[in-house]
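Okay, structure first, notes after.
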Amino acid sequence: MKKKILELLGRAIEAAFIDGSLCRAEAPIIEIELPREENHGDYATNIAMILAKTQKKSPRLVAETIMNHLHCNGILEKVDLAGPGFINFFVKKDLWVTLLEEVDLKGDAYGRSDLGSGQRVQVEFVSANPTGPLHIGHGRGAAVGDVLSRILEATGHAVVKEYYINDAGNQMANLGKSVYFRYLELLGQSVSLPDGCYRGDYIIELARTMLDRHGAALQSTTPEEVIPLFTDYAAGIIMEGIKEDLRIFGVEFDCYFKESELHKDRGVFNLLETLRSRAFVYEQEGALWFKSTAFGDEKDRVVIRETGEPTYFAGDIAYHKNKYERGFDKVIDIWGADHHGYIPRMSAGIQALGRSRDDLKIVLVQLVNLLRNGVPVAMSTRAGEFVTLREVIDEVGADAARYNFLMRRSNSHLDFDLEIAKKQSDENPVYYVQYAHARIVNILKTAADRGYGVPRYGEINAGLLTEPEEHELVKMIDRYPELIEGCALSLEPHRITFYLNGLAALLHSYYNKHRVVSDDGELTKARLFLVYSIGVVLRSALGLLGVAAPDRM
RNA sequence: GGGCGAUUAGCUCAGUUGGAUAGAGCGUUGGCCUCCGGAGCCAAAGGUCGCGGGUUCGAAUCCCGCAUCGCCCUCCA
């Protein structure tokens, strides 16, 4: 409906330009909004106030001129001029319900669009190194990345979900070392773990498995020789665990990309050649620097250390170069918010490769504050005491966990209370929405018991849906495709949970006030179709969140 | 010291990118099952949008200053 109004408005302004009643100006960006106030109509625009400046006329006069060129086309009931120059559109009441036909035509595809027109997008997220199990912060990143991917896919993008394994750095060496020392410990040696080592119990378990497999044999060779064995073994096992956790959480990646692969293909070397040929690197103090200040970074960054080793940053640019070489039009990285200072240099990196700044989008995910009954749960990675994602899923379930992770803008801190998340009460929003779906299924079942199937749109008299609640519901359903497009454009998945909460509230309210299945056959059919349509939208939206839409609870 | 982000109801947070009388959930108070599932509904109370300036027809939103909090400032990853 919004698009139809936009079209009418655009045509009216164009007509005014043509007959000279408005001076032709630069094509203005026409915006239409949903007014809060009911007597401000179904849609409103401030276009007259924006045009007023260039037209050198009063906003109200401009508005009147536009309104005179407006053809209602059987869509609009009336058009008002209001306030300082708003144009308020009132859509014909009986037109709204006809929008439900869209749900009938598209079925489960309702809400999908071709906004992205097949654009190839890569979403990279989680990307935790296999040095330990995923914790709750990774879980939030996983939820955001996965849901964003689903949203982009639903809006016509060709999406690839990727997990980057940074397996060539110090952290992996430390992992091997940690297991190695625990192994020695199990053999009776007294050892003190060096700095940077991991201390969780899982390290000891890994050491014990190594002991079972190799006995004491690995003790007699030099550490340099055997530590890689420990590293490979531990990383493999931990990575399997991570994949399993993600699977249980409902997240499946299309691609796991290892940093070591990059080095095999001399990716970093190739990158440096590219940068050198474009004169974006220089030597100073024995190191090689990337001129990131050329693209707005606050200082240049080292890519090759004095020691001859490439920095992590060098590897990361090479990785992003590789991404674009694989043909992605757009790359989205999901990072922990503590990496925000890293954005300018990464952006500089891809721009030095000749990409536009817009080809890389970075979504920051803030920390999760884990609580139990309002009391913070102590977490310290150093001490090896942290709540893993797996523990959270086991306790509250994947649905509640995912939904809770998406209830806030990813950019802001999130309080996650374990007790509330598993409570099956009104304190827990996920049940509120799921219950709405179960309720609809139950209504349809009751109807079926009385001989009513779900009707097609063509079989109902939509004009019977005249209650205010029905009007609100139809508007809400109509808004759904726009909502999903908005999520895709802004990369903000949390809008879905807010929308769902609103839609579920309307449904519950409607249910309490009006009977769907009644003695009036025609009315029953019309309401059944409305309720069925809400069910389609709930299923679609919950599907995008990766949360179940249960038939009964 | 520099940079980034935050500051909105008792609590946790939205606010459609500058619109009209600022919203939701929880919590509080009071109501609603003869009836498609009460995991629900209805109603009420609750606000100097951190503070002070500025920009304009119009500011929670944009600009400047200040305060408080968090994060980042390595040739670490």
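We name chains A, B, ... by the order of the sequence lines, and we start the count at 1 in each one. It should be emphasised that the depicted structure is a prediction, and the values quoted were computed from it without experimental measurement. Hydrogens, waters and symmetry mates play no part in the numbers below; they use all other heavy atoms, side chains included.
- When the side-chain nitrogen and oxygen atoms of A/Thr311 are compared with OP1 and OP2 of B/A77, none of them lie within a distance under 4.0 Å.
- Shown here, B/A67 forms a base pair with B/U7; the pair counts as Watson-Crick or G-U wobble because both key distances fall under 3.5 Å.
- With rounding to whole Å, A/Asn166 atom CG is found 14 Å from B/C76 atom P.
- With respect to A/Lys361 and A/Asp333, no salt bridge is recorded, no charged nitrogen being found less than 4.0 Å from a carboxylate O.
- Using a 4.0 Å heavy-atom cutoff across all strands shown, A/Gln171 reaches sugar-phosphate atoms only and no base atom.
- Between the CG atom of A/Asn411 and the C1' atom of B/U17 there is a distance of 15 Å, rounded to whole Å.
- Within 90° of 0 lies the glycosidic angle of B/C33, which makes this nucleotide syn.
- The distance from atom CG of A/Asp417 to atom P of B/G25 is 19 Å, rounded to the nearest whole Å.
- Distance OG/A/Ser518 to CG/A/Leu523: 5.0 Å, rounded to 0.5 Å.
- A cation-pi arrangement is not found for A/Arg345 relative to A/Phe290, the charged atom failing to lie both closer than 6.0 Å to the ring centre and inside a 45° cone about the ring normal.
- One finds no side-chain N or O of A/Arg495 lying less than 4.0 angstrom from the OP1 or OP2 phosphate oxygen of B/U16.
- If you check every strand for non-hydrogen atoms under 4.0 Å, A/Asn88 touches a base.
- Among the atoms of the strands shown, base atoms are found under 4.0 Å from some heavy atom of A/Ala44.
- A straight line from OH of A/Tyr511 to P of B/G40 spans 13 Å, rounded to a whole angstrom.
- Dashed line: the shortest gap from a side-chain N or O of A/Tyr432 to OP1 or OP2 of B/C41 is under 4.0 Å.
- The side chain of A/Arg305 places an N or O atom within less than 4.0 Å of a non-bridging phosphate oxygen (OP1 or OP2) of B/A77.
- Classification of the A/Phe529-A/Tyr532 ring pair by plane angle, with boundaries at 30° and 60°, yields tilted.
- The aromatic rings of A/Phe313 and A/Tyr342 sit perpendicular to each other, their planes meeting at more than 60°, with 30° as the lower class boundary.
- Contact annotation: A/Lys299 reaches the phosphate of B/C75 (side-chain N/O to OP1 or OP2, under 4.0 Å).
- A donor-acceptor contact under 3.5 angstrom links the side-chain atoms of A/Asn46 to the base of B/G19.
- Within the 4.0 Å cut-off from OP1 or OP2 of B/A39, not a single side-chain nitrogen or oxygen of A/Arg439 is found.
- Counting any heavy atom pair closer than 4.0 Å across all strands shown, A/Asp316 reaches no nucleic acid atom.
- Counting any heavy atom pair closer than 4.0 Å across all strands shown, A/Pro429 reaches no nucleic acid atom.
- Using Watson-Crick or G-U wobble geometry with both donor-acceptor distances under 3.5 Å, B/U55 finds no partner in any strand shown.
- Note on A/Ser412: only backbone sugar-phosphate atoms sit closer than 4.0 angstrom, heavy atoms only; bases stay farther off.
- Atom CG of A/Leu414 and atom C1' of B/C11 are 15 Å apart (whole Å).
- Per the geometry, CZ belonging to A/Arg450 stands 12 Å off P belonging to B/C35, to the nearest Å.
- Spacing between atom CD1 of A/Ile496 and atom P of B/A24 amounts to 21 Å, rounded to whole angstrom units.
- Summarising the base pairing, B/U28 is matched to B/A44 through a Watson-Crick or G-U wobble pair whose two defining distances lie under 3.5 Å.
- Counting to the nearest Å, the P atom of B/A43 and the NE2 atom of A/His508 are 16 Å from each other.
- The side chain of A/His494 has B/G15 as its nearest neighbour among B/A77, B/G15, B/A22.
- Of the possible polar contacts, one joining the A/Arg402 side chain to the A/Leu545 backbone as a donor-acceptor pair under 3.5 Å is found.
- Note on A/His413: only backbone sugar-phosphate atoms sit closer than 4.0 angstrom, heavy atoms only; bases stay farther off.
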